[in-house]
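Just so you know, ligand 1 is whichever comes first in the structure, and atom 1 is the first atom listed for that ligand.
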Amino acid sequence: MNTDFLEGLPLHALNPFMPGAGKQPPELVGRTHDLELMDRMIARTRLGLLDRGIIYSGLRGMGKTVLLLKLNDMAFEQGMVTVQIEANGDAEAEYDELMHELSLSIMRIRKPDIRQRLADVFSHVESISLDFVLGSAKVELRGPDAAERSVRASSYRLELLIEGLAAELGNNGLGLFLFVDEFQDMSADVMMTLITVQHKTGQRNLPFYVIGAGLPNLPGVLTKTRSYAERLFEYRVIGRLDAEAVADGFQKPAHELGYAFDHEALSRLVELSNGYPYFIQAYGKATWDASDSNPIAVDAVKRGEPVARAELDQGLYVSRWQRATPLGREYLAAMAAIGETCTSSQVAKHMNRSVSDLSSIRLALIELGLVYSPERGRIAFTVPGMDEFIRRVMPAEVQSYDGRS
Ligand SMILES: Nc1ncnc2c1ncn2[C@@H]1O[C@H](COP(=O)(O)OP(=O)(O)O)[C@@H](O)[C@H]1O
Ligand SMILES: [Mg+2]
C-alpha cells in the first residue's frame with residue numbers, strides 16, 4: 001500500500017486498533033474457515049442447493065458479533081437478502097424488530113423487479129386476517145388474552161413471510177439469511193418459531209438460513225426448545241485464537257500503515273492477549289499510543305499495559321460487576337476465589353450456604369449474562385479474565401472467602 005499520504009500525521013492519529021463490543025477490527029484474524037463456509041453457502045444458494053444454518057457459541061469478547069457482521073456483509077454483497085437482529089427476550093419486541101428489519105432488507109434490494117415481488121409477498125402477509133386461525137380450536141390457547149393473541153399472530157405472520165420470501169428468492173438463485181446475535185437471550189416463543197421455520201423451509205428446499213451467535217450455553221438452549229434443533233444447524237465454537245493468528249492481529253494492521261512491531265514487542269503482546277480477540281484490540285491500541293518509534297518496541301508495550309488493562313476493565317468487567325446485586329457479587333467473588341470454573345456446591349461451601357439457598361442468586365447472575373452453566377452443576381464466567389479482575393479489584397472480599405474455606 002502507498003503510505004505517502006500518512007506523512008506528517010502524528011502516530012496516534014493512525015491508531016488502527018478498535019477495542020469495543022461489536023467494533024470491526026482492522027484485521028479479522030483466525031476466521032478463514034468461517035469466511036470460506038459462508039462463501040460456499042452463498043455459492044450453493046445460487047445453484048439452488050441447500051445448507052444447514054450455523055450456530056456460533058463462545059465467551060464474550062471472542063468476536064462473535066463482528067463475525068456475524070462480516071458474514072452478513074459477504075452475503076449482502078453477493079445480492080442475498082440479509083437481516084440482523086439482537087435478541088432481547090421480549091417476544092413482542094423481537095417479532096416487531098424482525099418484521100421491521102425484513103421490510104428494510106427488501107427495500108435494500110437493488111434489482112427493482114425482485115424487490116417488487118418481495119414487497120408484494122410482504123403486503124400479502126400483512127393483509128391477511130389471522131382471526132380465523134387464532135379462533136380455531138387448533139390453537140392451543142383457549143380464549144387467549146390480547147397480548148397472547150398478538151404474539152401468536154406475529155408468529156404466524158413471520159412464518160408466512162419467511163416462507164413466502166424464501167420461495168420467491170429461491171426462484172431467483174438467491175436466499176434469505178437471518179443473523180441473530182445474543183441468541184441465547186431470545187424469548188422462547190420467537191426461538192421456537194425460528195427453529196420451526198428453519199425446519200420447514202429445509203424440508204421444502206427453501207433457501208432460508210438462521211446464522212446465530214451466543215454464549216456457550218446456546219446450543220443447549222436451542223435443543224431444549226426443539227430437540228431436532230441439533231440436526232438443523234452446524235455448530236461452531238468460537239474459542240481462543242492461536243498464537244500465529246494473534247500475531248497477525250497486531251502485525252497486519254501495523255504493516256498496512258507502514259509500521260511494524262519488533263520481535264520482542266510482538267511476542268510480549270501475543271503473551272498478554274492470551275488468544276482473546278478483545279485483548280488484541282486493547283493491547284494493540286494502548287501500545288500504539290505509547291510508542292514513538294518504528295518498529296514499535298517492547299517498552300511501548302510496557303507503558304501501554306496499565307492503559308490496556310483499564311480499557312479492558314471498563315469494556316468488559318466493571319459494568320458487569322456493577323450490574324450484580326451485593327449478594328450476587330459475593331457469589332462472583334466466591335467463584336473467583338475458587339478459579340476459572342467451579343461447581344455450584346463449591347461456591348456454596350465457600351459462602352457457608354446451601355446450594356438451594358443460592359439458587360435464585362445463581363439464576364439472577366445467569367439472567368444478567370454474567371455467568372453460565374457449561375454443564376449440569378457447574379458454573380463459569382461468561383467473560384474471559386473476569387475471575388482475575390475480581391481477584392485484582394476485590395482482593396479483600398475474595399480473601400475473606402479463602403480464609404473461611
Ligand atoms: N477475529 C478477530 N480478530 C481481531 N480482533 C477481533 C476479532 N474478533 C473480534 N475482535 C475484536 O474483539 C472485540 C470483541 O468483539 P465482539 O464481536 O464484540 O465479541 P463478542 O460478540 O464475542 O463479545 C472487538 O474489539 C473486535 O474488534
Ligand atoms: Mg457480541
Side-chain angles (χ1 to χ4, degrees), residues 15-38 54-74 84-89 179-186 211-219 235-256 261 266 269-270 272-289 307-320 323 368-372 380-386 389:
N15 198 327
F17 295 97
M18 288 297 271
K23 294 226 174 97
Q24 270 310 339
E27 183 76 32
L28 191 77
V29 292
R31 303 285 181 247
T32 319
H33 182 82
D34 302 292
L35 304 185
E36 282 171 4
L37 199 65
M38 190 43 136
I54 311 172
I55 299 298
Y56 289 103
S57 58
L59 299 175
R60 299 206 181 274
M62 285 297 186
K64 301 177 297 297
T65 298
V66 300
L67 179 60
L68 284 194
L69 289 167
K70 174 74 189 173
L71 300 177
N72 184 340
D73 277 353
M74 286 171 73
Q84 184 145 351
I85 64 155
E86 189 178 303
N88 61 30
F179 297 87
V180 184
D181 205 3
E182 304 289 353
F183 205 175
Q184 78 285 337
D185 285 343
M186 185 166 268
I211 319 269
L215 291 175
N217 64 336
L218 173 58
Y235 289 90
R236 293 189 48 79
V237 172
I238 296 286
R240 282 164 50 184
L241 298 165
D242 62 29
E244 201 186 324
V246 173
D248 281 349
F250 288 105
Q251 202 67 293
K252 284 191 174 171
H255 282 169
E256 275 287 304
F261 293 93
L266 191 60
L269 285 169
V270 170
L272 285 167
S273 314
N274 201 17
Y276 298 124
Y278 203 128
F279 287 33
I280 300 179
Q281 303 308 321
Y283 282 100
K285 179 170 183 237
T287 303
W288 190 284
D289 281 344
V307 181
R309 209 170 297 124
E311 166 94 49
L312 290 170
D313 284 357
Q314 283 310 316
L316 281 173
Y317 309 123
V318 172
S319 65
R320 299 214 157 79
R323 253 180 266 160
L368 284 170
L370 296 172
V371 303
Y372 73 104
F381 290 103
T382 55
V383 198
M386 184 90 186
F389 165 78

Which count of protein N, O or S atoms is obtained for distances strictly below 2.8 Å from the Mg ion (ligand 2)?
1

For atom 24 (C) of ligand 1, what is the nearest protein heavy atom, given as residue, atom name and distance?
Gly20 O, 3.1 Å

Looking only at protein heavy atoms, identify the closest one to atom 14 (C) of ligand 1 and say how far it is in Å.
Tyr278 CD1, 3.6 Å

Looking only at protein heavy atoms, what sits closest to atom 23 (O) of ligand 1 is Gly61 N, 2.7 Å

Starting from atom 10 (N) of ligand 1, what is the nearest protein heavy atom, named by residue and atom, and what distance separates them?
Pro277 CB, 3.5 Å

Judging by distance only, is a nitrogen or oxygen of Gly63 under 3.5 angstrom from one on ligand 1?
yes

of all protein heavy atoms, closest to atom 1 (N) of ligand 1 is Val29 O, 2.8 Å

Going by the atom numbers of ligand 1, which of them fall below 4.0 Å from some non-hydrogen atom of Arg60?
23 (O)

Using a 4.0 Å cutoff against the non-hydrogen atoms of Gly22, which atoms of ligand 1 qualify?
16 (P), 18 (O)

Who's the nearest protein heavy-atom neighbour of atom 27 (O) of ligand 1, and how far?
Lys23 O, 2.5 Å

Using non-hydrogen atoms of the residue, decide whether Pro19 is closer than 4.0 angstrom to ligand 1.
yes

Yes or no: does Gly58 have any heavy atom under 4.0 Å from an atom of ligand 1?
no

Separation of Leu269 CG from Tyr283 OH (nearest 0.5 Å):
9.5 Å

Less than 3.5 Å between some nitrogen or oxygen of Gln24 and one of ligand 1, yes or no?
no

Plane angle bin for Phe389 and Tyr317 - parallel if under 30°, tilted between 30 and 60°, otherwise perpendicular:
parallel

For ligand 1, which atoms have a heavy atom of Met18 less than 4.0 angstrom away?
24 (C), 25 (O), 27 (O)

Can you find a heavy atom in the side chain of Trp288 that is under 4.5 Å from one in the side chain of Pro16?
yes

Distance col, row Met18:CE vs Ile280:CD1, nearest 0.5 angstrom, shows 14.5 Å

Applying a heavy-atom cut-off of 4.0 Å, say which part of Gln281 lies close to ligand 1: side chain, backbone, both or neither.
side chain

Taking 4.0 angstrom as the limit and counting only heavy atoms of Val66, give me the atoms of ligand 1 inside it, by number and element.
8 (N), 9 (C), 17 (O)

What's the spacing between Asp313 CG and Met386 CE if we round to 0.5 Å?
10.0 Å

Would you mind running through ligand 1 and noting each atom that sits below 4.0 Å from a heavy atom of Glu27?
3 (N), 4 (C)

What atoms of ligand 1 come closer than 4.0 angstrom to any heavy atom of Leu59?
22 (O)

How far does CG of Leu215 sit from CE of Met62, to the nearest 0.5 angstrom?
11.5 Å

How far does CD of Glu86 sit from CZ of Phe179, to the nearest 0.5 angstrom?
15.0 Å

Rounded distance [0.5 Å steps], NZ in Lys64 versus CG in Leu59
7.0 Å

Consider every N or O of Leu67 and every N or O of ligand 1, then say whether any pair is closer than 3.5 Å.
no

Using a strict 4.0 Å cut-off to heavy atoms of Ala21, name the atoms of ligand 1 that fall inside it.
18 (O)

Run the contact test for Gly30 against ligand 1 with a 4.0 Å cut-off on heavy atoms, strictly below, and give the result.
no

